[in-house]
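Ligands are counted one by one from 1 in listed order, and the atoms in each one are counted from 1 as well. Bear in mind the structure is a predicted one, so any value in this text is a computation, not a measurement. When reading the values below, keep in mind they use all heavy atoms of this one structure, side chains included, and skip hydrogens, waters and symmetry mates.
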Amino acid sequence: MEILLHHDYLIQALSSTEESSVLKLCKTESCKGWVASTTIQALWQGLEKDERNKIKPLLTHLSVVTPTARDLDDALQGDDFEEKLALILIRSCGFDAVVSTMPEKFSNNEGLVLTADQVQSKIDGPVDSVNEVKLLDISASYHQILNDVEIEIADTTRTGQFILGSKVVQLEEKIADYCQAKYAVGVSSGTDALLISLMAAGIGEGDEVITSPYTFFATAGSIVRAGAKPVFADINDVTFNIKAEHIERCITPKTKAIMPVHLYGQCADMEPIMELAKKHNLVVIEDAAQSIGSEYKNKRAGSLGDMGCFSFFPAKNLGAFGDGGIVTTSSDDLYEKLKVLRVHGSKPKYYHKSIGGNFRLDALQAGVVKAKLKYLEGWTEKRRQNATVYNQLLQQNALIQYIQLPPEVFPRHVFNQYVIRAGSRRDELRTFLNENKIGCEIYYPLPLHVQECFQSLGYKKGDFPESEKAANETLALPISHEITRPQQEYIVEKIRMFFLGK
Ligand SMILES: *Cc1c(COP(=O)(O)O)cnc(C)c1O
């Protein structure tokens, strides 16, 4: 339950010697408490001088929501500004109630204003049963990051430094550190991270790059955009990641790079891939778009190959409020090339020795990602816990004879997706879960070697049996840090109903 604390309630709570019941609920995280920034001023004025020092500690348990100019404007229509503003905020932010000492002060409150006792009895009462789970509900946990994010955004809008600049540099340093690489270069998207990496490695016309056919389109799309030819090698049937034995058979004198994908949040088996690369003098570009923070033999994704490419697309584990991406590297030479290519190959400004592109990251996105990075470890651990809960529930319900769980072969798996194999009944299961308002998705229904736009590469159905099988059998269930145990129980109950009819 999310509640907005009105100033009358807060003044009473802070003036009293007894601990307030609602503040206690917020402290123990039985509910989530909010205070409007405009209320803080009212507290300052409403409290005795020697009580004002209680305001700052209060804010460690409450989040501050800042009304927009439009909220204020709407609230000014009438003569009950503060009550009107509270109702506007709970509707626009999706809170459940306002807490006030005098609910009757609020006109048209539609039962949305509660006393402290009413809040308590709602929390003690029966919990609402789950009847819907979205695949991803990004805004569900926005309150957690709101204050950090809004500080970053205000810095940028107030200074007007919108492209690259200090916010991007700060993020680059933090990400390099997080990914155990020497450098990071912020770019416009995960797709552009792949493209600029290929360009920095000097890959183009006449070159071949070996990659997986079972991945998001951008992996192979970027190879073609760089002017090179994607050559596919089939995946391992357990991890869904490219297999070194298959790579080896594809190496020709034209091969210049290997682009392994760390799919769903688990690293590809990199040791044999790096050995092949060394033997044949190939560049290794990790497509780590789904795998920030994942590890392979105690090393982080992004530090395993020559370059690591990450995406800040909102649905990734570390998402921006729009598009963005980053490339990690520990090579001084590649780092310099990436920085120059990012700005049309210009160095010094307006003098071009090479042709790059506009691959710049904007400062607003960098600020958002920087603010969220502080929470990433906690979110990752929550995703891992959610995966364990699914594994346990699916086992306890005797469902593993029908579905295959996603194993963690190389810890640490960061579970950007929790993907089960549901065999030949996958499509039916998906329809059944959707009918029960459970979001689930197929990543990916058609492998890249049979995509229409790649027909000229000369592949045909049957060339990569494991990728084709995976495309027919896999299904991703909700796994984000926002989902709750009751939601997971609901999902597993529905899966049981589907397979066992009860
Ligand atoms: C998301 C993704 C990309 C592309 O990232 P964008 O930021 O959306 O351009 C590339 N590869 C893989 C495996 C991805 O999942």
Side-chain angles (χ1 to χ4, degrees), residues 135-136 138 168 171 175 179 184-199 209-226 230 232-233 235-236 239-242 257-268 270 284-294 301-302 304-305 307-328 342 357-362 364-366 368-369 372 383 406 413-419 441-449 451 454 467 470-471 474 476 479-480:
L135 183 60
L136 183 63
I138 295 175
V168 173
L171 175 70
I175 295 280
C179 294
V185 178
V187 295
S188 31
S189 69
T191 304
D192 285 344
L194 295 167
L195 178 57
I196 197 175
S197 297
L198 290 160
M199 291 167 81
V209 179
I210 301 171
T211 192
S212 165
Y214 186 63
T215 173
F216 179 58
F217 180 78
T219 317
S222 64
I223 296 169
V224 177
R225 282 178 64 208
F232 295 117
I235 54 169
N236 175 304
T239 63
F240 305 108
N241 282 324
I242 196 167
I258 307 171
M259 197 182 263
V261 182
H262 305 319
L263 201 69
Y264 303 146
Q266 175 161 242
C267 288
M270 290 298 285
V284 175
I285 300 170
E286 298 168 66
D287 182 343
Q290 300 182 4
S291 296
I292 192 156
S294 66
L304 302 162
M307 285 172 277
C309 301
F310 295 88
S311 163
F312 301 135
F313 181 72
K316 310 292 182 181
N317 288 16
L318 182 64
F321 286 0
D323 279 312
I326 207 160
V327 182
T328 54
R342 175 170 67 175
N358 172 2
F359 297 126
R360 299 173 307 224
L361 177 61
D362 74 67
L364 282 173
Q365 301 308 339
V368 170
V369 173
K372 289 174 80 175
R383 281 176 183 269
H413 194 322
V414 297
F415 290 98
N416 177 241
Q417 302 295 347
Y418 180 90
V419 177
E441 190 55 90
I442 297 163
Y443 301 110
Y444 298 89
L446 190 64
L448 300 185
H449 66 284
Q451 293 285 349
F454 290 144
S467 298
T474 56
I479 184 76
S480 75

Non-neighbouring partners of Phe415 that pass ring pair (Phe, Tyr, Trp, His ring centres under 6.0 Å), sequence neighbours left out:
His413
Output all residues satisfying side chain to side chain donor-acceptor pair (under 3.5 Å) with Thr474, sequence neighbours left out; order by chain, then residue number.
Tyr214
For ligand 1, which of its N or O atoms have a protein N or O partner closer than 3.5 Å, and how long is each gap?
residue	atom	partner	partner atom	Å
ligand 1	5 (O)	Ser311	OG	3.3
ligand 1	7 (O)	Gly190	N	2.8
ligand 1	7 (O)	Ser311	OG	2.6
ligand 1	9 (O)	Gly190	N	3.4
ligand 1	9 (O)	Thr191	N	2.8
ligand 1	9 (O)	Thr191	OG1	2.5
ligand 1	11 (N)	Asp287	OD1	3.2
ligand 1	11 (N)	Asp287	OD2	2.8
ligand 1	15 (O)	Gln290	NE2	2.8
ligand 1	15 (O)	Lys316	NZ	2.6

Would a 4.5 Å heavy-atom cut-off, applied to side chains only, mark Val368 and Phe312 as touching?
no
What closest approach, in Å, do Asp192 and Val187 show between heavy atoms, and which atom pair accounts for it?
C-CG2, 4.4 Å
So, Phe240 versus Tyr444, ring centres under 6.0 angstrom or not?
no
Taking salt bridge (Lys or Arg N to Asp or Glu O under 4.0 Å) as the test, write out the residues that go with Arg383, two or more places apart.
none
